[in-house]
Number of protein chains: 2
Amino acid sequence: MDNIKIRKRKQVAKGETLLSHGDIATYAYRVESGCLKSYVIDNSGKEHILQFAPEGWLISDVDSFTNNKPTVIFIEAIENSEVSFIGQEDYRDFSRLDKDVLIEMSKKYRNNMIATHKRIIALLSATAEERYVEFTETYPTLVQRLPLKLIASYIGITPEYLSDLRRKIAKK
Amino acid sequence: MDNIKIRKRKQVAKGETLLSHGDIATYAYRVESGCLKSYVIDNSGKEHILQFAPEGWLISDVDSFTNNKPTVIFIEAIENSEVSFIGQEDYRDFSRLDKDVLIEMSKKYRNNMIATHKRIIALLSATAEERYVEFTETYPTLVQRLPLKLIASYIGITPEYLSDLRRKIAKK
DNA sequence: CTTAAAAATTAAGATACCTTAAGAAATGCA
DNA sequence: TGCATTTCTTAAGGTATCTTAATTTTTAAG
């Protein structure tokens, strides 16, 4: 799903939204520079981050993109970024794809699955503090780069509580 | 990853374990009858269910199976079951697979990804009560079939608290 | 530089969910 | 049918995490 053909590119300003709740994900995006996030908004209006996508990452709502149904998520630039577009057309019919492309794609799906499973394990079985430490170990560069409130949202806690945790950790 | 060739089958008694923390997942299992679960055990000894696998489902630790590394999960029969075995060998080298098999596999990975993403959204943004209701709507047959304590474990709460929630829901 | 905006901290009170423990109900096997 | 086992419920007290709100610190725009 990566290096297939020359694609349309676009500059996206920090704060700009590429996909909103209710839209159909006509595109997946490859981040060429900068960083995007995907998130949901819950019943009480709070935002929960699903994914960060720095350079080289893909971001979309796979369900919406694949099945052409309205999405429940948002995708937004958290830095000034450049993205390239991947259209649905190319992935409508798998049988038309080259075998190597299929293999590439399978591996990407599989890697995503593995990462997503890890996150579920963390959410089910680790404390907030453990999840924060795990995040800093898994994504050290993102920790430097992103505001803490976004990391708090990703690991499933409030920024205030993350602040408490950091103080507690520092005291050790 | 499904209907590829005749595979070895085995009866598994309720309570029997097919994969333990530290093992390498030499096999994936297809459940022919009965039901299995996969789970992790957290630092304080509590069990958290990752997946239920009734008839027709596959279950394994994809990371361990794919990358031949020790697993962190357990797989265990929760009913007397029959499973068939899928070996690592067949999936070591994607380029040797038929194109249709690859397509099948991609779709399975993709569907799993989509389902797993949904679960993350639920864990991040829904209350315990909302997650329980969503579970009953998504897996009505499993609700009939499984003890509540297993469902509680899957949605990330204690059985006692699920009991409270059910009483609260019934009162409405 | 200066200043407005965004991010991070701190603290106090609130709540969702957990722990423990005990009893009631349901299930399965002899 | 009866007993043992597992499951489910109930309740009281506890803890992790949240809410609100005010203050400080950092960042970025002019």
Side-chain angles (χ1 to χ4, degrees), chain A residues 13-16 34-35 37 39 41-49 52 76-81 122-136 142-172, chain B residues 13-16 34-35 37 39 41-49 52 76-81 122-136 142-172:
Chain A
K14 178 176 176 173
E16 199 175 321
C35 193
K37 67 178 173 183
Y39 61 96
I41 294 189
D42 71 20
N43 292 333
S44 60
K46 266 158 272 152
E47 170 179 326
H48 303 272
I49 295 184
F52 295 116
E76 186 182 318
I78 54 186
E79 298 174 0
N80 293 322
S81 305
L123 285 171
L124 285 174
S125 72
T127 63
E129 179 173 343
E130 289 165 342
R131 297 199 303 275
Y132 173 65
V133 171
E134 185 178 331
F135 185 91
T136 60
L142 288 183
V143 175
Q144 314 279 74
R145 188 170 169 182
L146 300 177
L148 287 174
K149 57 186 266 203
L150 296 186
I151 294 170
S153 171
Y154 182 92
I155 65 180
I157 63 178
T158 59
E160 295 82 3
Y161 188 52
L162 177 54
S163 197
D164 289 351
L165 289 180
R166 282 161 52 85
R167 186 166 22 141
K168 258 185 54 189
I169 292 170
K171 267 193 198 148
K172 289 181 184 167
Chain B
K14 177 175 175 172
E16 199 174 322
C35 192
K37 67 178 174 184
Y39 61 96
I41 294 188
D42 72 20
N43 292 334
S44 60
K46 267 160 270 154
E47 171 178 327
H48 304 272
I49 295 185
F52 295 116
E76 186 182 319
I78 54 187
E79 297 174 0
N80 293 322
S81 306
L123 285 171
L124 285 175
S125 72
T127 62
E129 180 174 343
E130 289 165 342
R131 296 199 303 274
Y132 173 65
V133 171
E134 185 178 330
F135 185 92
T136 60
L142 288 183
V143 176
Q144 314 280 74
R145 189 169 167 182
L146 301 177
L148 286 173
K149 57 186 266 201
L150 296 185
I151 294 170
S153 170
Y154 182 91
I155 65 180
I157 63 177
T158 59
E160 294 82 3
Y161 188 52
L162 178 54
S163 197
D164 288 351
L165 289 179
R166 282 160 52 85
R167 187 170 17 143
K168 257 184 55 189
I169 292 170
K171 266 192 198 147
K172 290 181 184 169

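Since we're looking at a predicted model, the values are computed, not measured. Reminder, nothing fancy here: chain letters follow the sequence lines and each chain counts from 1.
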A:Lys168 versus A:Glu129: any side-chain heavy-atom pair under 4.5 Å?
->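 Answer yes - side chains close enough.
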Are B:Ile78 and B:Lys14 side-chain neighbours, meaning at least one heavy-atom pair lies under 4.5 Å?
->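 No, side chains not in contact.
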If we ignore hydrogens and angles and just use 3.5 Å, is the side chain of [X] paired with the main-chain N or O of [Y] as donor and acceptor?
| X | Y | result |
| --- | --- | --- |
| A:Thr136 | A:Val133 | yes |
| B:His48 | A:Ser125 | no |
| B:Ser81 | B:Glu79 | yes |
| A:Asn80 | A:Ala13 | no |

Atom-to-atom span, [atom1] of [X] to [atom2] of [N] - whole angstrom:
| X | N | atom1 | atom2 | value |
| --- | --- | --- | --- | --- |
| A:Asp42 | D:dC18 | CG | C1' | 12 Å |
| A:Ile155 | D:dA16 | CD1 | P | 16 Å |
| B:Ile151 | D:dC8 | CD1 | C1' | 12 Å |
| B:Leu150 | D:dC8 | CG | C1' | 13 Å |
| A:Arg145 | D:dT27 | CZ | C1' | 17 Å |
| A:Glu130 | D:dA16 | CD | P | 12 Å |
| A:Lys168 | D:dT15 | NZ | P | 13 Å |

Hey, is the side chain of B:Arg167 poking within less than 4.0 Å of OP1 or OP2 on D:dA11, counting only N and O atoms?
->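 Yes, B:Arg167 has a side-chain N/O under 4.0 Å of OP1/OP2 on D:dA11.
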Does a nitrogen or oxygen in the side chain of A:Arg166 sit under 4.0 Å from OP1 or OP2 of C:dT10?
->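 A:Arg166 to C:dT10 OP1/OP2: no side-chain N or O under 4.0 Å.
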Where do A:Cys35 and A:Arg145 come nearest, in terms of heavy atoms and distance?
->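 Taking every non-hydrogen atom into account, CB-NH2, 3.9 Å.
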Can you label the angle between the A:Phe52 ring and the A:Phe135 ring as parallel, tilted or perpendicular, going by 30° and 60°?
->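 It falls in the perpendicular class, over 60°.
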How does protein reach along nucleotides 16-27 of chain C, written 5' to 3' as B (base within reach of a heavy atom under 4.0 Å), S (only sugar-phosphate), or - (no contact)?
-> SBSBBB------
Between the protein and nucleotides 3-6 of chain C, list the N/O to N/O atom pairs that are separated by less than 3.5 angstrom.
none

Salt bridge or not for A:Glu47 and A:Lys149, using N-O below 4.0 Å?
->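 Looking at A:Lys149 together with A:Glu47, the answer is no, because their closest N to O distance does not fall below 4.0 Å.
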